[in-house]
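Notes to accompany the following structure.
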Amino acid sequence: MVVTRFAPSPTGYLHIGGLRTALFSYLWAKKNGGEFVLRIEDTDKARNSQEATDAILKAFEWLGLKHDGEITYQSQRDEIYTKYIKQLLDEGKAYKCYMSKEELTELRETQMAAKERTKYNGKYRDFDGTPPEGVEPVIRIKAPLTGEILVKDGVKGNVSFQAEDILDDFVIARSDGAPTYNFVVAIDDYLMGINEVIRGDDHLSNTPKQIVVYEALGFPLPKFYHVPMIHNSKGKKLSKRDGATDVMAYKEMGYTPEALLNFLVRLGWSHGDQEIFSMEEMQDLFNPKDINKSASIYNTEKLDWLNSHYIKNTPNTQLAELLLNYDLVLTSHDKKEILLDALKERAKTLKELAILTNEILITPTSYDEKAIKKAFKGEATSILNAFGTKLTTCENCHLPSDYHHIMESVVSELEIGFGKIGQPLRVALLGKMGGPGLDDVMAILGKDETMLRIANIITKLN
Ligand code: GLU
């Protein structure tokens with residue numbers, strides 16, 4: 001069974017890059033009928049917070065990405081880590097190192113002065129003397145100091161590291177007993193049954209160290225996939241400055257989960273030239289072996305395009321539910337079908353859809369000056385009056401076509417073009433030029449509100 005995981009450190013919100021690797025891991029597990037588990041890497045007490053964990057879980061909930069089983073919290077697993085530290089010490093695969101801070105700093109400075117890589121010099125590797133007093137030891141693992149460490153990566157192919165270049169006997173437990181990052185990641189991945197690790201390639205340099213831990217403990221290696229970063233349009237690593245990177249900010253901006261996930265799956269992965277993927281299709285088609293070897297480029301227009309696609313294709317009842325998040329209550333509005341049909345093609349985001357809707361539903365209190373100048377030339381007021389009078393006689397005005405007929409009869413009786421009535425009517429109803437068809441607008445507003453808005457502008461202009 002394929003078991004994948006997402007292992008965020010709760011130091012802040014869930015960002016778009018993290019979400020993409022989570023999505024890849026989720027899809028791959030689901031495609032294989034496997035499990036996608038969640039591990040919160042909360043060992044850094046100074047930088048981790050419960051709020052950050054909650055924010056990450058909230059984002060997952062919004063996106064509908066469900067993890068399997070219980071969440072694992074590293075902060076609750078000290079006993080497990082301590083057990084493995086003891087095991088490695090007993091087996092002679094790890095040792096206590098009594099080098100003082102001062103000595104370590106001195107070593108580092110000497111190495112730097114000699115332009116060498118800074119690394120531990122193995123002083124206590126085979127030490128069997130009397131430990132110096134007053135130094136709480138750290139625990140170091142005996143790492144291979146020569147030879148090749150091969151990361152067989154599902155995205156990048158075989159990546160070879162030379163032990164001399166990257167390894168030393170690294171610390172697996174600090175002097176206060178706290179285990180270190182690469183040590184616990186390897187243990188947890190093994191104990192949690194994770195056999196396919198999909199993560200950002202910013203972690204590739206950690207992998208040799210984790211392999212050392214796996215090997216020292218006799219654990220089988222998982223399959224690794226290191227996913228290239230997401231870049232901005234300038235080819236730099238995506239940063240906060242490139243827009244909101246907090247996943248929940250995308251909700252606030254009015255993106256749908258479907259669009260965001262579809263957008264992310266295409267960042268670094270493709271299936272022919274297909275752009276639109278439903279969740280089912282993603283699960284069906286995703287394979288990490290098709291992840292691109294180079295970085296992907298974040299493109300807001302693409303996200304907007306996908307979002308408008310999903311908005312257009314969302315049933316109106318569901319759209320009305322979604323719009324509740326943007327302070328717009330349409331759920332029991334009797335004209336919501338006409339309203340949303342008229343607007344959903346025009347909105348790139350749900351927030352924009354809420355704004356466009358309010359532009360219709362809220363009675364204008366001011367009018368665009370230029371629009372007034374353009375629309376209220378000549379007979380405009382009397383044409384509007386004629387329209388208003390006709391409208392009062394309409395017993396059963398409900399549908400856009402009912403309003404259209406009234407406009408038509410005014411136009412033919414007065415022998416004028418449609419623009420002559422359309423423009424002033426539009427300004428009266430919406431306060432400005434632009435917007436959806438007037439027939440729809442009037443049907444949405446209903447007869448009374450339409451009359452009121454016509455009366456308002458006539459009073460204002462008199
Ligand atoms: N906790 C790490 C992070 O948030 C991820 C570790 C991993 O995926 O191995 O970047």
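Every number for a ligand or one of its atoms is a count from 1 in the order of the listing.
Each of the following atoms of ligand 1 lies closer than 4.0 Å to a heavy atom of H203: 2 (C), 3 (C), 5 (C), 6 (C), 10 (O). Counting atoms of ligand 1 from 1 in the listed order, those under 4.0 Å from a heavy atom of A7 are 1 (N), 2 (C), 3 (C), 4 (O), 5 (C), 6 (C).
The shortest heavy-atom contact between V135 and M99 is CG1-O, 4.2 Å.
In terms of N/O distances under 3.5 Å, ligand 1 is approached by S9.
Each of W28, Y26, F24 was evaluated against F36; a single residue qualifies, Y26, per the ring-ring contact (aromatic ring centres under 6.0 Å, His included) test.
If you look at F263 and F277, their ring centroids are not closer than 6.0 Å.
Of all the heavy atoms of F224, none lies under 4.0 Å from any atom of ligand 1, so neither backbone nor side chain is involved.
Among protein heavy atoms, atom 6 (C) of ligand 1 sits closest to Y181 OH, 2.8 Å. For atom 1 (N) of ligand 1, the closest heavy atom belonging to the protein is E41 OE1, 2.5 Å. Scanning all protein heavy atoms for the shortest distance to atom 7 (C) of ligand 1 gives R5 NH1, 3.2 Å.
The closest side-chain donor-acceptor pair between N307 and T349, if any, does not fall under 3.5 angstrom.
For the pair R199 and Y225, the cation-pi test (distance below 6.0 Å, angle within 45°) is failed. In this structure, K209 is positioned above the aromatic face of F170, its NZ or CZ under 6.0 Å from the six-membered ring centre and within 45° of the axis.
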